[in-house]
Amino acid sequence: MPAPWWQTAVVYQIYPRSFLDTNGDGVGDLEGIRSKLDYLTWLGVDAIWLSPFYTSPMADFGYDVADYCNVDPLFGTLDDFDQLVADAHGRGIRVIVDWVPNHTSDQHPWFVESRSSRDNPKRDWYVWRDGPADTPPNNWIANFTGESAWTWDAATSAWYLHLFLPEQPDLNWNNPEVIAAMHDTLRFWLDRGVDGFRMDVVHAIGKGTDLADMPPDLNRLEQTLFHDYPRTHDLLRDIRRVLDSYTGDRMAVGEVYILSTARVAEYYGAGDELNLAFNFPPLHAPWDAAAWGRRIERVVQELDPRGAWPTWVLSNHDVVRHRTRYGSEARARAAAVLLLTLRGTPFLYAGEELGLEDAVIPADRVVDPGGRDGCRAPIPWNSDDSHGWPTTETWLPFPPDPAHRSVAALTDEPSSILHLYRRLLAARHDSPALQSGNFALLNGPDSVIAFERSAGDDRRVIVVNFAAAQVAVPLGELTVEVSSDGAGEGAAYSGVVPASGAVILR
Ligand code: NOJ
Ligand code: CA
């Protein structure tokens, strides 16, 4: 049996606002994405994941959905979406869309109805609790605000729950009508040909009915560990059945923001829940061999035995870019070798192939309530004043050094990080060992992570040196296939890996 596409694919995340604007309003749009499909083909990605482009008042930049079945005019139209899918599929690129099941916008007609009166038929579609008005029903804390996860609705004298902003009320997945309506939103996009969904905070949908207090004094990150409900697993099995009722291997990758690999593993079920779950602990790993080694071992221990396929990610629209976190391009390059050779599905975040750093956002241009603007800055396409955007008035400023960090400039530079990503993707495509082979850690010096990937006679050895000095890692007679600094490719391996460097050997 060949591996399903979502195991061998390299997925490229696009934050639509920031990819490319085509109508001059300074905000990226679907047509901008479509116009750059040739670039994505040249780079070699297999699938794109689009962050939300649905109708939204944008309190959380689209993660507050007011209509699950339409495109916000800011991004274009449903026709634009259909054209994008058709053109992507024409190039063999799969399309994954975001799905936000935990909460809607407070402007969603469902919530407008729900809050209109206590006896509205949609009242129970959200999580309401009675007063007193001065004491929230429990001690849960909302993301972004750090304040209570409950907002008092004076008109109907009741509290509603929101794990995120007050503008993002949580849906009540204990109500069968909500389940049916949300399944319909999946079918809407499945019917339009999408290949899968990235499911936003999906672990939190199955809240118990008692909504008990958390242990006292937990911070927001610690509280995430408690949003892990048995009922979510039943809901995920139903969701999986909706996906599996379609032909063509539709998939679900879940944002399971629980920083415990063992508990995230549960969300794969017995192969009947999520196809993939994001593996976030590495996002919080410093550039350190031991820290990365522990996280890799945990994945091997917790996921492999249950046949759960891992995922790897270094950057996304919620965290500081890894180029910035790790502090140098050499490290970002070595990290890319690791990301694209570990066993599992890698997720790239648009712009990491350019070695982009987070943008510096002046105080008067901060727009995100969660403080994540820096990693969401526009992609520079060329060295012009507006970097390929139709206006210099972009919704956020460009990242540092945009002229040099642009797609056009780095394409012209064979030694650039962009060409490294392209060679890494090509090396993966050519190698069953890298795509789906076995994984075995090798012994090496403390500053090194070394491992072997193998499938039949196809074999690769990968060495990543986290130290700021070169290190000897003798491994016998091998040839350098890809090196993070581009040196020595095609030549015999010298047995030495440069400072903050990485190699794929064969
Ligand atoms: C996780 C998303 O990645 C983030 O951007 C969003 O703000 C929250 N979920 C709430 O939907
Ligand atoms: Ca636009």
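Just so it is clear, the structure is predicted and the values come from calculations on it, not from any experiment. Just so you know, ligand 1 is whichever comes first in the structure, and atom 1 is the first atom listed for that ligand. We're numbering straight along the sequence, starting at 1.
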**Q.** F347 and F278: CA distance, side-chain angles, deciding distance, ring-ring contact (aromatic ring centres under 6.0 Å, His included) verdict
**A.** CA-CA 9 Å; F347 286 77; F278 281 117; 4.8 Å; yes
Ligand-residue contact atoms, ligand 1 with [X], heavy atoms, under 4.0 Å:
{"X": "H103", "value": "10 (C), 11 (O)"}
{"X": "R372", "value": "4 (C), 5 (O), 6 (C), 7 (O)"}
{"X": "F144", "value": "7 (O)"}
{"X": "E255", "value": "1 (C), 3 (O), 9 (N)"}
{"X": "R376", "value": "5 (O)"}

[atom] - nearest protein heavy atom and its distance:
{"atom": "atom 9 (N) of ligand 1", "answer": "D200 OD1, 2.8 Å"}
{"atom": "atom 8 (C) of ligand 1", "answer": "F164 CE2, 3.7 Å"}
{"atom": "atom 3 (O) of ligand 1", "answer": "D318 OD2, 2.5 Å"}

Q. Ring centres of Y160 and F111 under 6.0 Å apart?
A.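 Under 6.0 Å, so yes.
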Q) Looking from the Ca ion (ligand 2), what is the angle between OD1 on D25 and OD2 on D29, to the nearest 10°? A) 170°
(Q) Nearest 10°: the angle subtended at the Ca ion (ligand 2) by V27 O and N23 OD1? (A)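 O of V27 and OD1 of N23 make an angle of 150° at the Ca ion (ligand 2), to the nearest 10°.
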Does [X] make a cation-pi contact with [Y] (under 6.0 Å, within 45 degrees of the axis)?
{"X": "R198", "Y": "W99", "answer": "no"}
{"X": "R17", "Y": "W395", "answer": "yes"}
{"X": "K207", "Y": "W173", "answer": "no"}

**Q.** Nearest heavy atoms of I48 and I33, plus distance in Å
**A.** CD1-CG2, 4.4 Å
**Q.** Selected option - heavy-atom contact closest to atom 7 (O) of ligand 1, from D60, N143, D64
**A.** D60
Q: Please determine, by modelled atom types, if D153 and T156 share a side-chain donor-acceptor pair under 3.5 angstrom.
A: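 D153 vs T156: donor-acceptor pair found between side chains.
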Q.
When you measure from the Ca ion (ligand 2) to the N, O or S atoms of D21, does any of those distances fall below 3.0 Å?
A. yes
Q: Inspect the contact between D184 and R187 and indicate whether a charged nitrogen and a carboxylate oxygen are less than 4.0 angstrom apart.
A: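 Between D184 and R187 there is a salt bridge, with a charged N closer than 4.0 Å to a carboxylate O.
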